[in-house]
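Owing to the predicted nature of the structure, the values given are computational and were not obtained by experimental measurement. The basis for the numbers below is simple: all heavy atoms, side chains too, and nothing from hydrogens, waters or symmetry mates.
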Amino acid sequence: MKTSKKFRPLCAPALAGAFLAVAAPATVYAEAFPDHAIKLVVPWSPGGATDVLGRIVAKGLTAQLKQTVVVENKAGAGGNIGTSAFVREKADGYSLLVATSSTNAANPHLYKRLGFDAQKDFAPVAFVANIPNVLEVPKGSRFTSVGDLLAFAKENPGQLNYGSAGVGSSQHLATSLLQHITGASFTHIPYKGSGPAVSDLLGKQLDFMIDTGSMAQVNGGNLNALAVASTKRIPFLPDVPTFEEAGIKDMVASAWYGIVAPKGTPADVVDTLNKAINNALKDPQIRAQLEGMGAQVVEGDNTSAEFGTFIQSEITRYAELVKMSGAKPE
């Protein structure tokens, strides 16, 4: 009996061709990035500047990449716990980290055992923003100006306490700079993140903070801002003077934030992420949210290479800042 043409078996070459025809689209789909959710690690506790900024960036990336970007907080040891865990993530672009001036520039000079190499273990993706530090006191504080606070501190050395996200954090280094410039003396209370420190500031367990992430509390009237550690006033706090306007020169301090991937992440994936972040930062809503927390958002597109060069220069610069703070490597 003759075999029907309709059911005639395909010869080997025809089978191979049919397989390739089916497999090719699947291969292209598998290689597309991203094709599932992305994790963004914030190495600090919820509620602080890094966490707030990370969630805004995650929202922008979700819109740009059409994939959910989930924030995961891993706090502790001045950001080292989350950061050291991050470098063991798979280098495929699906795990990202909010890098900061504390974790990726100051900490290499503050800890003998970081658990990561700040110069070698990361693939820089994009710079996001600087946030100038702001001197803040609780609502109802006896201090209504920087002059009031410094005068009391000089007459009563060590009696005023301040909080920070940990030894070597932007809050700690900024306050150390203020002590160095003015000769005032304060007592440092380190926390596992700026969020818990701000909570105690609101509860008046702390006298003041020089912080980057409490703008919502200032705006809500729960904290009073006395001075901004930048070269000019910031739009979010137009009535708050700079330290220089308050008579204190060279008191300029800010924290920087950017996105990095694990070392070895493919260049094309880094490029995709870089473009997505740059586009997200141009979104008026995302930009307004970042500026609403006092951030000075990067202008124009920034490349991954430029961010990498910046990080290297900051690691060098922070060696001197940490030395000045008097902090000893742990």
Side-chain angles (χ1 to χ4, degrees), residues 41-45 48-54 73-87 97-122 124 127-135 162-181 186 188-198 209-213 229-230 250-260 294-296 307-330:
V41 176
V42 171
W44 302 93
S45 57
T50 310
D51 178 62
V52 174
L53 180 141
N73 296 88
K74 286 187 179 181
N80 289 341
I81 290 178
T83 304
S84 60
F86 173 78
V87 299
L97 174 79
V98 181
T100 72
S101 47
S102 295
T103 51
N104 292 66
N107 283 4
H109 309 293
L110 287 164
Y111 295 87
K112 295 178 181 178
R113 297 179 181 178
L114 276 178
F116 62 91
D117 188 320
Q119 300 188 65
K120 298 178 180 180
D121 285 344
F122 305 95
F127 182 78
V128 174
N130 280 304
I131 303 183
N133 282 279
V134 179
L135 174 59
Y162 73 95
S164 79
V167 174
S169 64
S170 63
Q171 300 90 354
H172 176 216
L173 294 180
T175 312
S176 296
L177 177 61
L178 181 62
Q179 290 184 121
H180 178 77
I181 292 171
F186 312 115
H188 179 210
I189 310 295
Y191 290 75
K192 291 184 178 181
S194 59
V198 172
M209 277 184 69
I210 301 182
D211 189 33
T212 57
S230 62
D250 300 322
M251 182 56 199
V252 177
S254 64
W256 57 258
Y257 305 82
I259 304 298
V260 298
Q296 297 172 328
F307 185 39
T309 299
F310 172 75
I311 292 174
Q312 294 296 325
S313 67
E314 286 291 278
I315 291 172
T316 300
R317 187 174 74 89
Y318 267 85
E320 185 59 32
L321 291 176
V322 170
K323 181 180 179 181
M324 182 196 67
S325 76
K328 303 299 181 183
E330 295 182 359

Problem set entry | Test side chain to side chain contact (heavy atoms under 4.5 Å, CB included) applied to Ala75 - qualifying residues, sequence neighbours left out | Ser45
Exercise. Between CD of Glu314 and OG1 of Thr309, what distance do you get to the nearest 0.5 Å?
Worked result: 12.0 Å
Seminar exercise, completed: Here the pair of heavy atoms bringing Leu173 nearest to Ala106 is CD1-CB, 4.0 Å
Exercise. Going through the checks in order, is the side-chain contact (heavy atoms from CB on, under 4.5 Å) test met by Val167 and His188?
Worked result: CA-CA 9 Å; Val167 174; His188 179 210; 4.2 Å; yes
Exercise. Listed by chain and number, what are the side chain to side chain contact (heavy atoms under 4.5 Å, CB included) partners of Thr175, not counting sequence neighbours?
Worked result: Tyr162, Phe186, Phe208, Ile210
For this session: Would you name the heavy atoms of Ser102 and Ser169 that are closest together and state the gap between them?
Result: OG-CA, 3.3 Å
Exercise. Of the non-hydrogen atoms in Tyr191 and Ala197, which two are nearest, and what is the gap between them?
Worked result: CD1-CB, 3.5 Å
For this session: Ignoring hydrogens and angles, tell me if any N or O in the side chain of His109 forms a donor-acceptor pair with the backbone of Thr316 under 3.5 Å.
Result: no
Exercise. Are a donor atom and an acceptor atom from the side chains of Tyr257 and Thr212 found within less than 3.5 Å of each other?
Worked result: yes
Exercise. How would you list, by chain and number, every residue that makes a side-chain hydrogen bond (donor to acceptor under 3.5 Å, both in side chains) with Ser101, sequence neighbours excluded?
Worked result: none
For this session: Please examine the side chains of Trp44 and Thr103, heavy atoms only from C-beta on, and report whether any two atoms are closer than 4.5 Å.
Result: yes
For this session: Please answer whether the main-chain N or O of Ala229 pairs with a side-chain N or O of Asn133 as donor and acceptor at a distance below 3.5 Å.
Result: no
For this session: Indicate the atoms forming the closest heavy-atom contact of Gly78 with Asn107, along with that distance.
Result: O-ND2, 2.8 Å
Problem set entry | Sub-4.5 Å side-chain heavy-atom contact between Leu114 and Ser84 | no
Seminar exercise, completed: Rounded to the nearest 0.5 angstrom, the CD1-CE distance for Ile181 and Met324 is 7.5 Å
Problem set entry | From CG (Asn104) to CZ (Phe122), nearest 0.5 Å | 5.0 Å
Exercise. How would you list, by chain and number, every residue that makes a side chain to side chain contact (heavy atoms under 4.5 Å, CB included) with Ser194, sequence neighbours excluded?
Worked result: Ala165, Gln171, Asp211
Problem set entry | Steps toward side-chain contact (heavy atoms from CB on, under 4.5 Å) verdict (Leu321, Leu177) | CA-CA 8 Å; Leu321 291 176; Leu177 177 61; 5.5 Å; no
Exercise. Who are the side chain to side chain contact (heavy atoms under 4.5 Å, CB included) partners of Val52, not counting sequence neighbours?
Worked result: Ile56, Met293
For this session: Decide side-chain contact (heavy atoms from CB on, under 4.5 Å) for Val260 and Phe307; before the verdict, give the C-alpha distance in whole Å, the side-chain angles of both, and the deciding distance to 0.1 Å.
Result: CA-CA 9 Å; Val260 298; Phe307 185 39; 3.9 Å; yes
Seminar exercise, completed: Shortest non-hydrogen pair, Gly294 vs Ile131, comes out as O-CG2, 3.9 Å
For this session: Indicate whether the side chain of His172 and that of Ser325 have a donor and an acceptor atom separated by less than 3.5 Å.
Result: no
Exercise. Does a sphere of radius 6.0 Å around NZ in Lys74 hold more than 12 heavy atoms from other residues, nucleotides or ligands, not counting ones at 6.0 Å or beyond?
Worked result: yes
Seminar exercise, completed: In short, Ile315 meets Ala118 closest at the heavy-atom pair CD1-CB, 4.0 Å
Exercise. Could you go step by step and tell me if Phe116 and Phe86 meet the ring-ring contact (aromatic ring centres under 6.0 Å, His included) rule?
Worked result: CA-CA 9 Å; Phe116 62 91; Phe86 173 78; 9.8 Å; no
Exercise. Got a sec, which residues hit side-chain hydrogen bond (donor to acceptor under 3.5 Å, both in side chains) with Asp121, two or more places apart in sequence or on another chain?
Worked result: none
Exercise. If you round to the nearest 0.5 Å, how far is CG of Asn130 from CD of Gln296?
Worked result: 6.0 Å
For this session: Any chance you could lay out the side-chain contact (heavy atoms from CB on, under 4.5 Å) test for Tyr318 and Leu110, step after step, and finish with the verdict?
Result: CA-CA 10 Å; Tyr318 267 85; Leu110 287 164; over 6 Å; no
